[in-house]
Amino acid sequence: MLTIPFIRANSEVTIQGLTKKHVANATEIVNQLLSMDDDRKALLQQAEALLEKSNAAAKEIGALMQSGQKELAEGKRSETAALKSTIKEREEAAKLAEKAMLDLLVTLPNLPHSSVPQGKTAEDNEITFTWGTIPVLDADAQPHWDLIKKYDIIDFDLGNKITGAGFPVYKGKGARLQRALINFFLDEAIQAGYYEIQPPILINEDSGFGTGQLPDKEGQMYVTKEEGLYLIPTAEVPITNLYRDVIVNEKELPIKNVGHTPCFRREAGSWGAHVRGLNRLHQFDKIEIVQIQKPENSYAALEEMSQHVQGILQKLGLHYRVLRLCGGDMGFASALTYDMEVWSGAQNRWLEVSSVSNFETFQANRLKLRTKIDGKSILCHTLNGSALALPRIVAAILENNQGPDGIKLPEVLVPYTGFTHIS
RNA sequence: AGAGGGGUGUCCGAGUGGUUUAAGGAGCACGCUUGGAAAGCGUGUGUAGGUCUCAAGCUUACCGAGGGUUCGAAUCCCUUCCCCUCUACCA
């Protein structure tokens, strides 16, 4: 969430930023927001002036009662009783004005960093780096949805039976490969200085608000009926919300956390080849890295996180590229996002496997996550990234490494799997 | 899940309707004292909003959260969350 003082001091920058993110009528919205804030302040001042009067009167009555001057006290009492309804009315009006302003404010996305390219769709993203080469496969190379059947390692039919579409069952070497990847990714993160967290995978409404899933994006999350708890779409939500309503000691920054969780996404919508097999699931596993940084260090941290993810992809030997997302393709809360895409040999297309973002103060403002520098409390910067999401990595490994003697696993995974081939 | 007891500042802890402007203690910071330290003494010590060019000052709210009663609520009432003890259940 943007802050009103920022918008007030930088209204032109705000309008430009919102426009880059394709918010319609940015100018009108900013003006409306500022005038709503003026209303709020005016009502608040009225209410507080009356409150001050009434507080003073109450104190006087107290003193009169103590010294036994009952009649004077009675007189005062009826006087200030009359104030009550006006105070209540003004307070309510101020509260309503604040709510109206906040309701509008929370709908605004974060402003993009100056390096974010103009553009509307994925076509407009900027390719900043490419590593490796397209793997050379036999003419009869199969897509992963055929390979998983051939080797009987991931079963969608069983998932359909016990749950529904998009909930695969991993079996045998498929299950062991999952476990190997999870441990490998966690170990890599720990080696890079991250602290491991195992959070709950159900979260409450306040947490959903803190990282920006709520309001508005409820539809993308599963909810429990009785308690109204949400199944997390990513470990970013619980791990970042650990720091909700916290003033972090400056000495503790940066904070670097990593966690593995299952992730749940309703993703109601499209069908077809692009969402076939492991390409898009309702439940999948992901290792997420989260950083909390001082503002001046957050962009260096973003680069570091990007390098971390790339290092893993290189160890796995996967041909990948890095995209700098354009204004229209970026997430709601992000100021700058890099997507990592790996080449899928049999589908002949790029698959997004990681997204690393700097949210600057956007989440921190919602979370009330601050630190104190020189006695002043300021909002921290939050960042996160997938390091990495499993299903599409599995898809790429299966497709790119297939051969006559089965699927050859990357060397780096063998200590984790205990086998070299899936055959 | 049932019965009972709790939730107060950085921490401990007092406080059952009005000098509580949240006592007292500890911690922390600064100063005095000292050869230096400890002790001692003194001062300060939260968050958010408003007013203000800035600061100071003034002011409003905050005693788990939300609402209510009252001229006045940490204190009384209602709802809710969390913790502890016992019982039940369970991995």
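Each chain gets a letter, A, B and so on, in the order its sequence line appears, and its residues count up from 1. As a basis for the values below, the full set of heavy atoms in this structure was taken, side chains included, without hydrogen atoms, waters or symmetry mates.
- A gap of 23 Å separates the C1' atoms of B:G72 and B:A65, to the nearest Å.
- Paired with A:N241 under the rule side-chain contact (heavy atoms from CB on, under 4.5 Å), one option of A:V246, A:L367, A:D206 passes, and it is A:L367.
- Of all nucleotides present, only B:U8 satisfies the Watson-Crick or G-U wobble test against B:G15, with each distance under 3.5 Å.
- Regarding A:L43, its CG atom lies at a distance of 14 Å from the C1' atom of B:G49, rounded to whole Å.
- Remark: B:G27 base-pairs with B:U45; criterion is Watson-Crick or G-U wobble with both hydrogen-bond distances under 3.5 Å.
- When rounded to the nearest whole Å, the span between CD1 of A:I61 and P of B:G17 equals 18 Å.
- Considering only side-chain atoms of A:N55, the nucleotide from B:U47, B:A61, B:U51 that sits closest is B:A61.
- Distance from the side chain of A:E52 is smallest for B:U59 among the nucleotides B:G46, B:G50, B:U59.
- Aromatic rings from A:F362 and A:F332 are positioned such that their centres are separated by under 6.0 Å.
- Residues A:K149 and A:D146 are not paired through a salt bridge, judged by the lack of any N-O separation under 4.0 Å between the basic side chain and the carboxylate.
- B:C86 and B:C76 are spaced 27 Å apart, taking the P atom of each and rounding to whole Å.
- Both A:G62 and A:A56 lie near RNA chain B, and the one whose nearest nucleotide falls closer to the 5' end is A:G62.
- Ionic pairing of A:R179 and A:D285 is not present here: no N-O contact between side-chain nitrogen and carboxylate oxygen is shorter than 4.0 angstrom.
- Both distances falling under 3.5 Å, in either a Watson-Crick or a G-U wobble arrangement, occur for no nucleotide opposite B:C52.
- Taking atom CG of A:L51 as the reference point, atom P of B:A73 lies 10 Å away to the nearest angstrom.
- Salt-bridge annotation for A:E304 and A:K256: present, with a side-chain N of the basic residue lying under 4.0 Å from a carboxylate O of the acidic one.
- Atom name P, nucleotides B:G2 and B:U80: the rounded distance is 12 Å, in whole Å.
- Nucleotide B:U20 forms no Watson-Crick or G-U wobble pair with any nucleotide shown, as no partner meets the under 3.5 Å limit on both distances.
- Between B:U79 and B:C11, the distance separating the two C1' atoms is 31 Å to the nearest Å.
- What separates CD1 of A:I247 from P of B:U10 is a distance of 8 Å, to the nearest Å.
- The side chain of A:R40 sits closest to B:G50 out of B:C71, B:U60, B:G50.
- For A:K84, the listed nucleotide lying nearest its side chain is B:C71; candidates were B:C71, B:G49, B:A61.
- Between B:G25 and B:A14, the two P atoms lie 15 Å apart (nearest whole Å).
- Note on A:K95: only backbone sugar-phosphate atoms sit closer than 4.0 angstrom, heavy atoms only; bases stay farther off.
- Phosphate proximity of B:U60 to A:S54: absent, as no side-chain N or O sits under 4.0 Å from OP1 or OP2.
- Residue A:S377 is classed as a sugar-phosphate contact, given heavy-atom separations below 4.0 Å to backbone atoms only.
- Side-chain proximity of A:A58 to the nucleotides B:G18, B:A48, B:U47 is greatest for B:G18.
- To the nearest whole angstrom, the two P atoms, one in B:A23 and one in B:G9, are 13 Å apart.
- Remark: A:K161 does not engage A:D157 in a salt bridge, criterion side-chain N to carboxylate O under 4.0 Å.
- With RNA chain B read from its 5' end, the first of the two nearest nucleotides for A:L44 and A:E92 is the one closest to A:L44.
- Across B:C71, B:G49, B:G46, the shortest atom-to-atom separation from the side chain of A:K372 is found for B:G46.
- For the pair A:R77 CZ and B:U70 C1', the interatomic distance rounds to 8 Å; values are reported in whole Å.
- Side-chain contact annotation: A:N110 with A:Q363, donor-acceptor N/O pair under 3.5 Å absent.
- The same atom, P, is picked in B:U43 and in B:U51; the two are 34 Å apart, to the nearest Å.
- Distances were taken from every side-chain heavy atom of A:R370 (C-beta onward) to each of B:C71, B:G50, B:A48; the shortest belongs to B:A48.
- To the nearest angstrom, P of B:G72 lies 16 Å from CG of A:L64.
- The partner of B:G40 is B:C32, by the rule that a Watson-Crick or G-U pair needs both atom distances under 3.5 Å.
- In this entry B:U85 has B:A3 as its Watson-Crick or G-U wobble partner, both defining distances falling under 3.5 Å.
- A:K59 places its NZ atom 12 Å from the P atom of B:A73, with the value rounded to the nearest Å.
- Across B:U75 and B:G67, the matching P atoms stand 14 Å from one another, rounded to whole Å.
- In this entry B:G66 has B:C78 as its Watson-Crick or G-U wobble partner, both defining distances falling under 3.5 Å.
- Residue A:K88 has its side chain nearest to B:U69 when only B:C71, B:G46, B:U69 are considered.
- Here B:C81 presents its P atom at 11 Å from CD of A:E227, a figure rounded to the nearest Å.
- Residue A:Q45 places its side chain closer to B:U51 than to any other of B:U51, B:U60, B:U47.
- Between A:R392 and A:E341 there is no salt bridge, since none of the side-chain N atoms of the basic residue sits less than 4.0 Å from a carboxylate O of the acidic one.
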